[in-house]
Amino acid sequence: MDTSQYLDLFIDETKEHLQTLNEHILVLEKEPENEDTINEIFRAAHTLKGMSGTMGFSRMQRLTHDLENVFSEIRNGNMKANAKLIDVLFRGLDALEQYLDVISSEGNEGTEDNEDIIHDLNVLVEEQSGGNAGTQTEAPKQEEQKEPVKEKTAAPSSDKCKYEQIPISEYEISAMRTAKDEGKNIFGITVYLQESCILKSARAFLVFKSVENKGELVKSIPTTEQIEDEEFDFDFSWILATSDTKENVKKLIMNVSEVAAVYIDDYEIPAVEKTEPLKVEVEKPKAGKPETPDKKEEQDKPKKAKAKVGSRSVRVDIDKLDVLMNLVSELIIAKNGLVSASSGEMASGNSQTFHEQIEYLERITTNLHESVMKVRMVPIDSVVNRFPRMIRDLNRKLNKKMELYMTGEETELDRTVIDEIGDPLMHLLRNSADHGLESNEERVRLGKPEVGSIFLDAYQDGNNVIIDVRDDGAGIDVEKVKNKAIEKGTITEKQAETMADKDFIDLLFKPSFSTADKITDVSGRGVGLDVVKTKIEALGGSISAKTVAGEGSTFTIQLPLTLAIIQALMVEVGSEKYAIPLGNINGIEDIPKEDICYVQSKEVIHLRGSVIPIIRLHEVLDMEEPEPDSNSLIVVVIKKGEQQVGLVIDNLLGQQETVIKSLGRHITNNKLFSGATILGDGEVALILDTNTLI
């Protein structure tokens, strides 16, 4: 069978099952007697084994089978989860993830057999269960891989041809006679599945699918609804009208894996009189939906076996969403065009209907935007749920006791942001584990709990999501950063004298800057925090750090909810229009020129107890300064973490919903702009990157 059409679904489902196994084995390590956890682990492994077998990934199936044997022994009380066993189980999960990576990239599972892991699993079973379970672990492997046909097939000989028991109505007899007159064969078929088959309804669907082009299904027992709901044992029968031969039909069915036996013979069409008693329905058809041999209706029913009953989630191809988002973008541009037109000549006449249409269009676009964004939003737990396992591994590698505490996993972010945020967060957590937390002995000496704590907190703040990564370690050694910066030539001793602690902490985000004394495979390569900063700012976000000596450090990431459509303040500088993202604006001020002061030859303003540097945008953008026509300046105060900067502009145009368009791959030399947008009159306005300006 060609299973390639199910590959994407298999990959998504397998990721979920592997994550479930990772999470629950972590719980099992702390609570070896937790029966609910043990049962959940067994179910996930059992399903994963069946899925990989169905897809034909025999190596993955074999490894999962051996893992399942261990979980089965734990569930039956023959084995106990100890540190040695947990380590081997995690090695097995890592191997399964490697199989999945190869499958995702190449479409096959590769050639790695992982015999060492399988050997270690079987040795552990032998050691703990006295050898009895060990022989059991080999038996299914032989049974599944080498001699699948030797499964228990069926029942006593009198039951083999169960299609004779199918109740037939007068209508169905008439349909079979018509097919017979057309030269078709009428076959009775009974199929027996292997008793190790775990997805019976899906397997039955594949059997029906294998012969759907060869004929028409007249009737089945159990009914298609019962087969769909797995309300049958390991056999099912049906009557098939076909132009093909018995041998060919049987061969097609036997090609489906986990089919143990097929019985097929010519079906004797009963006389009408013989079937009269059967009109007192053995199986009542649903009201308004009589049983018919209609090909499409009957063949569509088995297909439902694929669907997840009761599932309230749906997977959508991200490419389709991107197309939809682009259509919404064009719709918003059209709306802006109408707004622009309404402010012209038409607005001077009787244009009430025109304005009503604009309001209607605006409501639609706003609702459509919100709906699409909800579809694109993904809980952040899809990224952070792998971190507890990572901290557990670092615990052992660094020989430090540590715990990870997470809150706000349900916080949602745009899918495009979610896909990129995993690596920066991983860098920060590894940094906290390696640099932040002291050794166990040092913590005890300082009177701290021996087990260090790392926290990952996520929450929504307006149009942004904030993620804090913090620890209760030693904090950042500012003096060490200062000495390292002078040693590397990043700053001079004279500069260091005037720098505040926060300025030294910001040096950690400089490229190739590291305070590690030696290089390890955890951190200290000098490519950590600068990579984090670059990645986050590429997403339109920002990162800042705070530290308290002896108490710990906090790294705060601020990310926009979406990267596609934003609210922006439109401004004029000279004759050009620019957009400033509203989420980065702290306020708009009218500042008298005499209030401008100078600090180290730089212009600043004093605003509500803060000294804020100002940037004259016409200088940064290389434009001619306009003739002064007032005694005050319009200043847009922007923020990045706790930093604030004032942008001097010439004119305010107002707030507008802005569609972000990429500048393209050819314009890469200027980082002042994060993109562009198309205004209602067709003019292009550049979107200022406030992080770069600051």
Side-chain angles (χ1 to χ4, degrees), residues 461-464 466 478 491 495-510 533 536-537 540-547 554-560 566-574 576 578-623 625-626 628-655 671-674 686-694:
D461 181 18
N463 288 323
N464 296 293
I466 309 297
V478 175
I491 59 171
Q495 285 176 312
E497 291 172 5
T498 60
M499 289 172 65
D501 285 356
K502 189 177 184 313
D503 299 324
F504 288 117
I505 293 170
D506 289 342
L507 292 176
L508 294 172
F509 295 102
K510 294 285 185 184
K533 181 172 183 278
I536 288 170
E537 291 189 349
S542 63
I543 180 169
S544 60
K546 286 191 222 170
T547 188
T554 301
F555 289 86
T556 300
I557 296 173
Q558 178 177 299
L559 292 164
I566 60 168
Q567 293 289 336
L569 177 69
M570 301 303 300
V571 302
E572 271 187 337
V573 181
E576 298 286 344
Y578 295 93
I580 304 172
L582 214 58
N584 299 334
I585 296 177
N586 220 23
I588 302 169
E589 305 291 337
D590 194 29
I591 304 294
K593 289 182 179 178
E594 59 267 22
D595 285 358
I596 295 176
C597 307
Y598 290 86
V599 174
Q600 296 181 350
S601 303
K602 302 288 184 183
E603 289 184 309
V604 299
I605 55 175
H606 193 268
L607 191 64
R608 289 182 286 277
S610 299
V611 176
I612 301 173
I614 62 171
I615 298 173
R616 294 184 181 263
L617 279 181
H618 68 271
E619 292 178 3
V620 176
L621 301 171
D622 198 21
M623 302 172 70
E625 187 171 5
D629 57 355
S630 85
N631 293 320
S632 63
L633 299 176
I634 302 172
V635 177
V636 178
V637 180
I638 58 173
K639 60 183 178 180
K640 177 186 175 185
E642 293 184 351
Q643 290 177 290
Q644 295 187 91
V645 169
L647 304 181
V648 179
I649 61 167
D650 294 332
N651 194 20
L652 284 171
L653 299 178
Q655 181 181 331
K671 296 182 179 178
L672 277 177
F673 311 110
S674 57
L686 295 171
I687 301 168
L688 291 170
D689 187 334
T690 56
N691 286 331
T692 303
L693 284 168
I694 289 176

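Everything quoted here is computed from the prediction, not taken from an experiment.
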Exercise. Between K593 and L633, is a side chain to side chain contact (heavy atoms under 4.5 Å, CB included) present by the stated rule, with each step listed?
Worked result: CA-CA 6 Å; K593 289 182 179 178; L633 299 176; 4.0 Å; yes
Problem set entry | Test log, rule side chain to side chain contact (heavy atoms under 4.5 Å, CB included), inputs L617 and L693 | CA-CA 9 Å; L617 279 181; L693 284 168; 4.2 Å; yes
Exercise. Would Y598 and E603 satisfy side chain to side chain contact (heavy atoms under 4.5 Å, CB included), going step by step from the backbone distance to the final call?
Worked result: CA-CA 5 Å; Y598 290 86; E603 289 184 309; 3.5 Å; yes
For this session: Start with the C-alpha distance between Y578 and L621, add both sets of side-chain angles, then the distance that settles side chain to side chain contact (heavy atoms under 4.5 Å, CB included), and finish with yes or no.
Result: CA-CA 11 Å; Y578 295 93; L621 301 171; 3.5 Å; yes
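The distance from the CD1 atom of I596 to the CD1 atom of I605 is 8.0 Å, given to the nearest 0.5 Å. With values rounded to the nearest 0.5 angstrom, E572 atom CD is found 10.0 Å from L652 atom CG. Residue I591 holds its CD1 atom at 8.5 Å from CD1 of I614, rounded to the nearest 0.5 Å. Taken to the nearest 0.5 Å, the CD1 atom of I638 stands 8.5 Å off from the CD1 atom of I585. The CG atom of N584 sits 7.5 Å away from atom CD1 of I694, with the distance rounded to the nearest 0.5 Å. In this structure, OG on S542 lies 8.0 Å from CG on L559, to the nearest 0.5 angstrom.
For the residue pair P613 and V604, the shortest heavy atom distance occurs at CA-CG1, 3.8 Å. Here the closest heavy-atom approach between residue D590 and residue S632 is recorded as OD1-OG, 3.0 Å. The shortest non-hydrogen separation linking N586 to K639 is OD1-CD, 3.6 Å. Across every non-hydrogen atom of Q558 and I536, the tightest pair is O-CG2, 4.4 Å. Across V635 and G646, no two heavy atoms sit closer than the pair CG1-CA, 3.5 Å. Minimum interatomic distance between Q644 and V637 (heavy atoms only, all atoms of both residues): OE1-CG1, 3.5 Å.
Side-chain contact between L647 and V620: absent, with no pair of heavy atoms (C-beta onward) separated by less than 4.5 Å. Side-chain contact between L507 and M499 is present, with at least one heavy-atom pair separated by less than 4.5 Å.
Aromatic ring pairs are classed by plane angle as parallel below 30°, tilted from 30° to 60° and perpendicular above 60°; the pair F555 and F509 is perpendicular.
Taking a 6.0 Å sphere around CG of N631, one finds it holds 12 or fewer heavy atoms contributed by other residues, nucleotides or ligands. The local environment of CD in E594 is crowded, with over 12 non-hydrogen atoms from other residues, nucleotides or ligands closer than 6.0 Å. Atom NZ of K546 sits in a sparse spot, with 12 or fewer heavy atoms from other residues, nucleotides or ligands closer than 6.0 Å.
For the pair D650 (side chain) and G574 (backbone), a donor-acceptor distance under 3.5 Å is present.
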